[in-house]
Protein chains: 2
Amino acid sequence: MMNLSIAEENYIKSIYKLEEEGQEAVSTNALAGELDTKPASVTDMAKKLKEKKLIEYEKYQGINLTAEGKKAALSIIRRHRLWECFLVDKLLFSWEEVHELAEELEHVRSEKMTNRLSEFLGNPQIDPHGDPIPDAQGKMGKPRAQTPLHKAKSKRLEVVAVSDKSTALLEFLNAKGIRLGTQIDVIERYEFDNSIELKIRNQPAFTISEQVSKNIMVKPI
Amino acid sequence: MMNLSIAEENYIKSIYKLEEEGQEAVSTNALAGELDTKPASVTDMAKKLKEKKLIEYEKYQGINLTAEGKKAALSIIRRHRLWECFLVDKLLFSWEEVHELAEELEHVRSEKMTNRLSEFLGNPQIDPHGDPIPDAQGKMGKPRAQTPLHKAKSKRLEVVAVSDKSTALLEFLNAKGIRLGTQIDVIERYEFDNSIELKIRNQPAFTISEQVSKNIMVKPI
DNA sequence: AATAAAGTTTAGGTAAATCTAAATAAAAGG
DNA sequence: CCTTTTATTTAGATTTACCTAAACTTTATT
């Protein structure tokens with residue numbers, strides 16, 4: 001596999017993420033937003049990654065990963081998620097602390113180390129935020145059937161993942177007692193602002209904004 | 001503590017190493033050799049590190065770490081050696097494989113993570129090559145009394161550290177059955193090329209070059 | 001002490017990854 | 001369908017960490 005700089009790896013990862021989120025072709029602007037950089041920088045990098053055959057790219061037509069690009073992305077994501085598992089399971093970090101650290105650890109590229117790490121952790125299938133971990137061949141266990149809470153139909157739900165990994169959201173969820181596996185009862189949906197009133201276990205009901213419910217992935221039980 | 005780039009961290013680490021090896025003031029050339037770069041680049045970086053008050057430096061007079069520079073160095077070395085322990089103890093790498101990987105892992109700068117890693121490993125005092133690990137306050141357990149094998153006087157010795165961490169040397173030592181704690185009997189010293197004939201346990205005697213014996217640190221038993 | 005050799009610095013340049021400002025293309029709205 | 005808005009690209013700078021070649025110090029040698 002090609003040797004990618006850290007910057008290149010970050011671009012590949014972000015393109016993969018935006019494709020996953022449903023963008024047919026990833027736009028320069030969207031990518032700049034995701035990477036917190038400027039559109040002009042994205043255009044520059046797009047040319048380079050096209051040169052390396054990691055993306056398909058035509059002026060003004062957006063970006064898509066090639067098969068090789070996808071492979072690279074999955075390898076980076078694998079490393080990222082395994083390190084998150086390590087930080088939570090072994091170093092006892094809580095789930096809101098690990099994303100930033102894993103952003104750095106993921107760039108240490110050694111297949112041998114990655115595979116040993118996986119083994120050491122018991123070959124985990126999902127990371128602390130509920131996301132599936134690609135295997136050594138780059139095959140990603142398809143996520144369990146899941147819907148963002150704001151679109152879920154049932155009243156009884158279980159939290160299976162969180163799509164926003166920002167410290168802010170995860171700390172909020174901690175405070176509310178929401179984690180992976182938590183069972184939620186939807187009490188009321190307010191059309192006005194799309195907020196949702198819900199209840200978990202024996203605690204008093206509380207309300208969350210659409211902003212939050214969009215990022216909680218659930219499945220019915 | 002200041003925010004250092006990876007390049008800056010590597011310079012600091014190398015300066016520390018050369019100072020330890022006895023250089024009163026570290027020369028531009030020596031540092032260029034250590035970092036596998038060119039003297040002109042060292043001069044450039046020296047100016048920057050002086051600006052940041054991490055080194056003392058005057059044109060043509062060589063380089064020394066300031067107190068702050070020393071602190072930074074010890075923090076990097078702590079991370080490096082803890083990761084080496086992790087790789088050997090937990091991921092079951094052998095001692096010749098871990099130096100390069102730790103060179104990358106060491107640049108992930110998080111005190112919290114470093115301290116948790118240390119705890120997770122049982123607060124080890126020495127790394128897989130026998131070098132002491134600085135504690136969270138940057139205090140380095142002074143190495144046990146040790147001499148390079150080529151200067152040792154006694155006939156019965158124990159290996160306490162290896163100063164060259166190159167894969168080549170460590171693989172050679174593996175092949176010969178020399179590791180930390182190994183007991184060595186010196187059979188003969190040949191003045192001609194300063195090679196040493198030695199014997200370990202029940203194995204047949206063999207000879208090592210001065211190049212090798214210089215890098216094996218021993219203590220008498 | 002003069003000169004040669006070795007070590008170090010300066011000057012000027014390059015590549016990667018950014019940026020701003022200006023130019024250009026695509027999309028959206030009347 | 002023409003114009004305005006939005007998105008994207010180009011051009012030209014900047015920063016970091018390098019480099020080479022030439023100039024300059026220091027040290028060693030006659």
Side-chain angles (χ1 to χ4, degrees), chain A residues 2-15 18-19 21-65 69 72-73 76 103-104 106-107 109, chain B residues 2-15 18-19 21-65 69 72-73 76 103-104 106-107 109:
Chain A
M2 204 163 324
N3 234 41
L4 302 183
S5 70
I6 289 177
E8 288 168 335
E9 285 200 342
N10 286 332
Y11 272 87
I12 293 292
K13 197 166 44 126
S14 291
I15 295 165
L18 294 174
E19 278 189 358
E21 286 172 7
Q23 309 234 53
E24 245 326 294
V26 175
S27 76
T28 304
N29 250 4
L31 194 45
E34 181 67 28
L35 285 160
D36 198 24
T37 183
K38 293 290 170 327
S41 310
V42 172
T43 302
D44 284 352
M45 184 60 93
K47 288 175 189 164
K48 207 181 351 160
L49 294 176
K50 183 189 179 178
E51 199 54 45
K52 294 194 175 190
K53 297 193 196 304
L54 293 164
I55 62 171
E56 277 147 29
Y57 166 66
E58 294 304 329
K59 266 189 178 189
Y60 297 105
Q61 307 307 195
I63 294 171
N64 285 106
L65 291 175
I76 302 162
E103 290 281 304
E104 303 198 49
E106 75 189 6
H107 298 296
R109 240 180 291 73
Chain B
M2 203 165 323
N3 234 43
L4 302 182
S5 70
I6 289 177
E8 287 167 337
E9 285 200 341
N10 286 332
Y11 272 86
I12 294 292
K13 197 166 43 123
S14 291
I15 295 165
L18 294 175
E19 280 189 356
E21 286 173 7
Q23 310 235 32
E24 246 326 294
V26 174
S27 75
T28 304
N29 251 5
L31 194 45
E34 181 66 30
L35 285 160
D36 197 24
T37 182
K38 293 289 167 334
S41 310
V42 172
T43 303
D44 284 352
M45 184 60 93
K47 288 175 187 164
K48 206 179 355 157
L49 294 176
K50 184 190 180 176
E51 198 56 44
K52 293 195 176 187
K53 297 194 196 305
L54 293 164
I55 62 171
E56 278 147 28
Y57 166 66
E58 294 303 330
K59 265 189 180 189
Y60 297 104
Q61 307 308 185
I63 295 171
N64 284 106
L65 291 175
I76 302 162
E103 289 281 305
E104 303 197 50
E106 74 190 5
H107 298 297
R109 239 180 291 72

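Here is how names work: the chains are called A, B, and so on, in the same order as the sequence lines, proteins then strands, and each is numbered from 1.
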>> Without decimals, in angstroms, what is the distance between Ile63(B) CD1 and dG7(C) P?
In response: 16 Å

> Rounded to the Å, how far apart are Glu51(B) CD and dT15(D) P?
Replying inline: 15 Å

> Which whole-number value in Å describes the distance from Asn10(B) CG to dC18(D) C1'?
Replying inline: 14 Å

> How long is the line joining CD of Glu58(A) and C1' of dT8(D), in whole Å?
Replying inline: 14 Å

> Side chain of Tyr60(B): nearest nucleotide among dC19(C), dT26(D), dC19(D)?
Replying inline: dT26(D)

> About how many Å separate CG of Asp44(B) and CG of Leu49(B), when rounded to the nearest 0.5 Å?
Replying inline: 11.0 Å

> Roughly how many Å is it from NZ in Lys38(B) to P in dT14(C), rounded to a whole number?
Replying inline: 17 Å

>> Are the side chains of Val26(B) and Tyr57(B) in contact, using a 4.5 Å heavy-atom criterion?
In response: no

> To the nearest Å, how far apart are Met45(B) CE and dC18(D) C1'?
Replying inline: 9 Å

>> On a heavy-atom basis, which atom in Leu65(A) and which in Ala73(A) lie closest, and how many Å separate them?
In response: CD1-CB, 4.2 Å

> Is the distance from OP1 or OP2 of dT10(C) to the nearest side-chain N or O of Lys59(B) less than 4.0 Å?
Replying inline: yes

> Are any side-chain N or O atoms of Arg109(A) and backbone N or O atoms of Leu4(A), one a donor and one an acceptor, separated by less than 3.5 Å?
Replying inline: yes

> With a 4.0 Å cut-off on heavy atoms, is Ala7(B) in touch with a base, just the backbone sugar-phosphate, or nothing at all?
Replying inline: sugar-phosphate

> In whole angstrom, what separates Leu35(A)'s CG from dC19(C)'s P?
Replying inline: 10 Å

> Does Ala30(B) or Tyr11(A) map to a spot on DNA chain C nearer the 5' end, using the closest nucleotide for each?
Replying inline: Ala30(B)

> Does the side chain of Asn29(A) get closer than 4.0 angstrom to OP1 or OP2 of dT6(D) through an N or O atom?
Replying inline: no

>> Please determine whether a side-chain nitrogen or oxygen atom of Thr37(A) lies at a distance below 4.0 Å from atom OP1 or OP2 of dC19(C).
In response: yes

> Looking only at heavy atoms, what is the nearest atom pair of Glu24(A) and Asn64(A), with distance?
Replying inline: O-ND2, 2.7 Å

> So what does Thr28(A) touch, heavy atoms closer than 4.0 Å: a base, only the sugar-phosphate, or nothing?
Replying inline: sugar-phosphate

> With respect to the phosphate group of dT10(C), does any side-chain polar atom (N or O) of Lys47(B) fall under 4.0 Å of OP1 or OP2?
Replying inline: yes

> Between Thr43(A) and dT8(D), is there a side-chain N or O to OP1/OP2 distance below 4.0 Å?
Replying inline: no

> Can you check whether Tyr57(B) has a side-chain N or O nearer than 4.0 Å to OP1 or OP2 of dT8(C)?
Replying inline: no

>> What is the distance, to the nearest angstrom, from the CG atom on Asp44(B) to the P atom on dT20(D)?
In response: 13 Å

